[in-house]
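One structure is given here, and the rest of the page talks about it.
Lettering follows sequence order; numbering is per chain, from 1.
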Protein chains: 2
Amino acid sequence: MKYTYTHPRPAVTADCVVFGLDDEDLKVLLIQRDNAPFEGCWALPGGFARVGEAIEETARRELAEETGLKGVFLEQLYTFGDPHRDPREHVITVAYFALVNLAAHTVRPDTDARNAAWFEIEDVPELAFDHNRILQTACQRLRGKIRYVPIGFELLPRKFTLRQLQQLYEKILDRTLDKRNFRKKILKMDILAELDEIETDVAHRAARLYSFDKRKYDRMTEEGFNFEL
Amino acid sequence: MKYTYTHPRPAVTADCVVFGLDDEDLKVLLIQRDNAPFEGCWALPGGFARVGEAIEETARRELAEETGLKGVFLEQLYTFGDPHRDPREHVITVAYFALVNLAAHTVRPDTDARNAAWFEIEDVPELAFDHNRILQTACQRLRGKIRYVPIGFELLPRKFTLRQLQQLYEKILDRTLDKRNFRKKILKMDILAELDEIETDVAHRAARLYSFDKRKYDRMTEEGFNFEL
DNA sequence: GCAAAAGTGTTTAATATACACCCATGA
DNA sequence: TCATGGGTGTATATTAAACACTTTTGC
């Protein structure tokens with residue numbers, strides 16, 4: 001089938017930078033490419049936009065097709081339109097970043113990708129296209145955003161300890177935080193629900209579990225409160 | 001000439017939300033459309049992406065063609081990809097927002113647009129496509145960003161008084177600020193250069209002029225300082 | 001009983017806020 | 001001389017930062 005236009009058009013793709021937290025390590029999900037260009041090279045999951053499909057849907061569909069991930073937190077990151085970022089032709093990509101907690105979502109490699117795997121942020125190899133740059137932009141955005149929007153909870157299991165939360169922040173912000181001050185601050189915000197449960201299977205005193213109370217948070221932001229760590 | 005592809009492609013455009021400050025009023029630059037759809041309707045300046053042209057260049061080129069504005073501060077805002085946002089077909093638009101100071105840039109209507117004009121933000125009429133929504137997104141971004149990145153200076157003349165700066169912030173943040181506290185805070189940041197000049201042609205005591213010292217600011221941000229008003 | 005992490009308060013410094021008057025200038 | 005905005009300081013409240021020990025639990 002052929003599709004003809006009076007003017008040449010750049011192609012459009014959507015790519016996803018998927019962050020996951022695994023035993024306190026921040027990782028990113030990559031796929032190994034099946035086809036040219038960059039065959040065999042690691043890359044961000046993503047693919048071509050379809051006509052009639054919202055661009056975010058493109059991102060979600062490709063993510064599901066290539067990695068099996070569904071229903072994740074997804075937010076638009078930036079649109080990269082350099083005409084030489086794809087050696088074949090002018091391809092504009094709308095990049096998204098996603099946050100998942102690894103315990104709740106299992107990844108299965110699928111048709112388009114020979115393989116999908118989690119990489120430690122520091123150990124990411126040379127990627128296809130300008131994907132290293134996109135990843136870098138995503139890391140910056142994550143660091144910038146996590147300080148004043150409580151998106152960090154997307155990376156944790158539904159029930160978590162304050163230590164897990166603190167370690168997450170320390171990992172992303174790349175500095176240590178004072179335990180007492182951290183707890184004081186986050187609890188005072190009143191966006192966590194204290195559960196009647198404690199962690200299990202730990203070789204020391206078990207910590208209380210908490211969950212993020214989105215309803216409280218939404219109510220507070222409406223009233224002009226701002227989260228800021 | 002015809003251009004043929006094996007898969008259908010959405011079209012891509014770039015649109016600009018241009019903010020300008022005029023006698024302490026925040027305005028946005030609109031053009032009146034010459035062609036269908038939405039002929040005669042007011043819209044954001046913008047147009048179709050060319051193959052081989054970086055998408056930001058599309059935005060700059062269209063802005064210059066339609067309004068005569070060149071060399072302005074331009075930053076990517078968001079990409080809108082709803083398949084029904086253009087009644088003709090699926091058009092993805094990469095929206096940018098621009099800041100200009102009206103004194104330094106003159107606007108001349110040009111080929112594509114029958115007319116270009118500045119509108120008070122509050123008086124913007126029903127626009128073509130989803131441009132009202134894009135404008136709204138841009139306003140939010142401007143408000144959010146101006147508090148922690150000193151982009152406000154782009155809206156002012158090179159030399160300005162502290163009153164002008166404060167009024168700008170009050171306009172955008174939509175609340176009054178205490179004069180003494182504002183001056184203390186902004187001067188303590190040490191990103192303004194105090195000039196040996198005062199304003200002229202005012203019917204009261206003339207205020208000292210300042211200019212934004214980008215070099216100082218860049219040096220400070222590198223050292224991990226953060227502007228925050 | 002010891003290793004490992006949970007949990008908890010206070011002091012001090014820094015920052016934000018609230019607030020009012022005299023001064024210079026041009027009309 | 002009056003109207004208009006320029007320019008300035010201090011006291012108080014709030015928030016951030018620094019800091020160490022006791023408790024619980026599993027091994």
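- In this structure, A/E199 atom CD and D/dT24 atom C1' are separated by 12 Å, rounded to whole Å.
- Residue-environment remark: CZ (A/R163) exceeds the threshold of 12 foreign heavy atoms within 6.0 Å.
- Within 3.5 Å, a donor on the side chain of A/K184 pairs with an acceptor on the base of C/dT10, or the reverse.
- Atoms CD (B/E228) and C1' (D/dA16) sit 14 Å apart, rounded to a whole Å.
- Backbone-only engagement by B/R208 is indicated by non-hydrogen atom pairs under 4.0 Å involving sugar-phosphate atoms exclusively.
- Of the listed residues (B/K159, B/R205, B/H204, B/Q164), just one forms a side chain to side chain contact (heavy atoms under 4.5 Å, CB included) with B/E199, and that residue is B/H204.
- Under the 6.0 Å cut-off for aromatic ring centres, A/Y210 and A/F160 do not qualify, their centroids lying 6.0 Å or more apart.
- Summarising the geometry, the separation between CD1 on B/I186 and C1' on D/dT8 is reported as 17 Å, rounded to the nearest angstrom.
- Comparing atom distances between the A/R183 side chain and each of D/dC27, C/dG7, C/dA4 picks out C/dG7 as nearest.
- If you measure from atom CG of A/D178 to atom P of C/dA6, you get 14 Å, rounded to the nearest angstrom.
- Rounding to whole angstrom units, CE of residue B/M189 and P of C/dT15 are separated by 12 Å.
- For A/K70, the NZ atom counts as loosely surrounded, since its 6.0 Å shell holds 12 or fewer non-hydrogen atoms of other residues, nucleotides or ligands.
- Remark: P of C/dA4 and CG of A/L162 are 21 Å apart, rounded to the nearest angstrom.
- Regarding B/N181, its CG atom lies at a distance of 14 Å from the P atom of D/dT10, rounded to whole Å.
- Checking the phosphate oxygens (OP1, OP2) of D/dA20, no side-chain nitrogen or oxygen of A/R180 falls inside 4.0 Å.
- Between A/R163 and B/A206, it is A/R163 whose nearest contact on DNA chain C lies nearer the 5' terminus.
- For A/K185, counting side-chain heavy atoms from C-beta on, the closest listed nucleotide (D/dG5, C/dA16, D/dA16) is D/dA16.
- Going from atom CZ of A/F182 over to atom C1' of C/dG9 covers 19 Å, rounded to whole Å.
- Counted within 6.0 Å of CZ on A/R141, heavy atoms from surrounding residues, nucleotides or ligands total more than 12; the atom is thus considered enclosed.
- Residue B/R205 places none of its side-chain N or O atoms closer than 4.0 Å to OP1 or OP2 of C/dG26.
- Side-chain atoms of A/K179 and base atoms of C/dA6 include a donor and an acceptor less than 3.5 Å apart.
- Sequence order on DNA chain D of the closest nucleotides to B/A203 and A/H204 puts B/A203 first from the 5' end.
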